[in-house]
2 protein chains.
Amino acid sequence: MDNNLHQSFQALGDPTRLAVLEQLLKGPASVSDLAKPHPMALPAFTKHLGVLERAGLITSHKSGRVRTCAIDPAGLSALDRWFTDRRAMWEGRLDRLQTHLNAKKD
Amino acid sequence: MDNNLHQSFQALGDPTRLAVLEQLLKGPASVSDLAKPHPMALPAFTKHLGVLERAGLITSHKSGRVRTCAIDPAGLSALDRWFTDRRAMWEGRLDRLQTHLNAKKD
DNA sequence: TAAATTGTTATCCATTTGGTTAAGTTATAT
DNA sequence: ATATAACTTAACCAAATGGATAACAATTTA
């Protein structure tokens with residue numbers, strides 16, 4: 001299995017981008033609206049949007065002179081599933097059974 | 001709410017560290033055991049372990065000359081919850097209601 | 001048509017990151 | 001007592017990252 005998952009995690013590994021995502025969860029927004037809370041110049045900010053988009057966490061389309069961004073549910077679901085698929089393994093209750101089964105697989 | 005969550009996400013934003021975490025989900029392991037699959041010198045590898053530990057995703061203790069690492073369930077649960085707490089917001093079913101409520105809050 | 005909005009492109013810069021090698025340190029094994 | 005194993009510390013390096021400015025489109029708006 002070839003994981004490119006780390007790219008999505010890396011996209012979340014920055015406070016600005018995490019905040020942008022939280023804001024987009026409330027609904028789509030334009031670049032400049034998204035940028036407002038963040039104390040940096042636009043070119044720096046749009047780079048962050050690029051990272052999120054390349055990571056598959058947001059989508060965007062330009063209409064006239066305004067680009068509107070929105071959450072990409074597929075990207076977030078993929079990350080969410082990474083955790084749900086592994087939750088039992090760190091939560092302890094199934095640890096002994098799980099690790100035993102995994103050991104057999106090696 | 002002061003998020004240091006991005007630090008944990010950043011820790012997962014590297015293929016080596018993601019692989020280490022997957023391996024540790026199978027059970028605790030020593031540094032050199034963990035390092036074996038990864039084609040890099042030990043100092044580089046232990047830096048990755050340091051990142052994971054500072055991010056609260058793994059713990060470790062040294063016994064004799066061998067350091068044993070293990071998953072830190074609290075760290076993984078925190079990340080997991082970030083997604084589960086937001087799942088409804090990107091899954092669409094509640095989107096209209098959710099965004100409407102959030103709009104009222106602003 | 002002129003001016004203002006809303007991005008975009010191009011360069012540049014300091015810092016962080018992910019790696020290296022060399023030289024220790026501390027336990028265990030012979 | 002020596003050698004080996006399992007890290008650690010220190011110093012260094014290239015490349016990626018997160019930021020800045022300046023200049024340039026391309027729409028609206030007045």
Side-chain angles (χ1 to χ4, degrees), chain A residues 2-24 27-72 75, chain B residues 2-24 27-72 75:
Chain A
D2 196 64
N3 267 349
N4 72 321
L5 212 61
H6 72 273
Q7 199 180 351
S8 305
F9 280 127
Q10 195 180 25
L12 295 180
D14 174 277
T16 299
R17 292 193 294 262
L18 206 47
V20 167
L21 227 81
E22 302 254 24
Q23 182 165 352
L24 283 177
S30 72
V31 170
S32 44
D33 278 356
L34 288 170
K36 265 173 203 157
H38 305 285
M40 68 183 67
L42 247 198
F45 185 76
T46 56
K47 271 194 215 171
H48 285 300
L49 294 181
V51 171
L52 286 170
E53 191 158 13
R54 267 172 268 122
L57 295 172
I58 72 174
T59 61
S60 79
H61 64 276
K62 201 166 182 177
S63 182
R65 63 183 170 182
V66 46
R67 172 173 304 279
T68 301
C69 302
I71 289 288
D72 185 338
Chain B
D2 196 63
N3 267 349
N4 71 320
L5 211 62
H6 72 275
Q7 199 180 352
S8 304
F9 280 126
Q10 196 179 27
L12 295 181
D14 174 277
T16 300
R17 292 193 294 263
L18 205 48
V20 166
L21 226 80
E22 301 254 25
Q23 182 165 355
L24 283 177
S30 73
V31 170
S32 44
D33 278 356
L34 288 169
K36 265 174 203 157
H38 304 286
M40 67 184 68
L42 247 197
F45 185 76
T46 56
K47 273 193 213 172
H48 284 301
L49 294 181
V51 171
L52 287 170
E53 192 158 14
R54 266 173 269 123
L57 296 172
I58 70 173
T59 60
S60 78
H61 63 277
K62 201 165 183 180
S63 182
R65 63 183 168 178
V66 47
R67 172 173 305 278
T68 302
C69 301
I71 289 288
D72 185 338

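So you know, we letter chains A, B, ... as the sequences are listed, proteins then strands, and number each from 1. Everything numeric in this text was worked out from a predicted model, so none of it was measured.
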Can you give me every donor-acceptor pair (side chain of residues 49-61 of chain A, partner residue at least two apart or in another chain, under 3.5 Å) with its distance?
from: A:E53; atom 1: OE1; to: A:S60; atom 2: OG; distance (Å): 3.2
from: A:E53; atom 1: OE2; to: A:S60; atom 2: N; distance (Å): 3.3
from: A:E53; atom 1: OE2; to: A:S60; atom 2: OG; distance (Å): 3.1
from: A:S60; atom 1: OG; to: A:R67; atom 2: NH1; distance (Å): 2.9

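A:D14 places its CG atom 11 Å from the P atom of D:dT17, with the value rounded to the nearest Å. A:L52 places its CG atom 14 Å from the C1' atom of D:dG18, with the value rounded to the nearest Å. Rounded to a whole Å, the CD atom of B:Q7 is 14 Å from the C1' atom of C:dT17.
Of all the heavy atoms in B:A29 and B:L24, the pair that sits closest is N-CD2, 3.8 Å. The shortest heavy-atom contact between B:S30 and B:V66 is CB-CG2, 3.5 Å.
The phosphate of C:dT17 (OP1 or OP2) has a side-chain N or O of B:Q10 nearer than 4.0 angstrom. OP1 or OP2 of C:dT17 has not a single side-chain nitrogen or oxygen of B:H48 nearer than 4.0 Å.
Screening B:T16, B:D14, B:L18 against A:H6 for a side chain to side chain contact (heavy atoms under 4.5 Å, CB included) leaves a single residue, B:L18.
Applying a 4.0 Å cut-off to non-hydrogen atoms, the residues of residues 53-72 of chain B that approach DNA chain C are B:G64, B:R65, listed by residue number. Of the residues in residues 28-46 of chain B, those placing a heavy atom less than 4.0 Å from an atom of DNA chain D are B:S30, B:V31, B:S32, B:L42, B:P43, in numerical order.
Proximity of B:T68 to B:S63: side-chain heavy atoms (C-beta onward) are nowhere separated by under 4.5 Å.
Between A:L12 atom CG and A:L21 atom CG the span is 6.0 Å, to the nearest 0.5 Å.
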Check nucleotides 12-15 of chain C for protein N or O atoms closer than 3.5 Å to its own N or O atoms and list the pairs.
none

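Under the side chain to side chain donor-acceptor pair (under 3.5 Å) criterion, the residue pairs touching residues 35-48 of chain B are B:R17-B:H48, B:D33-B:K36, with sequence neighbours excluded.
Within the helix from C:dT1-D:dA30 to C:dT30-D:dA1, the inter-axis angle between the opening and closing five-pair segments is 20°, rounded to 10°.
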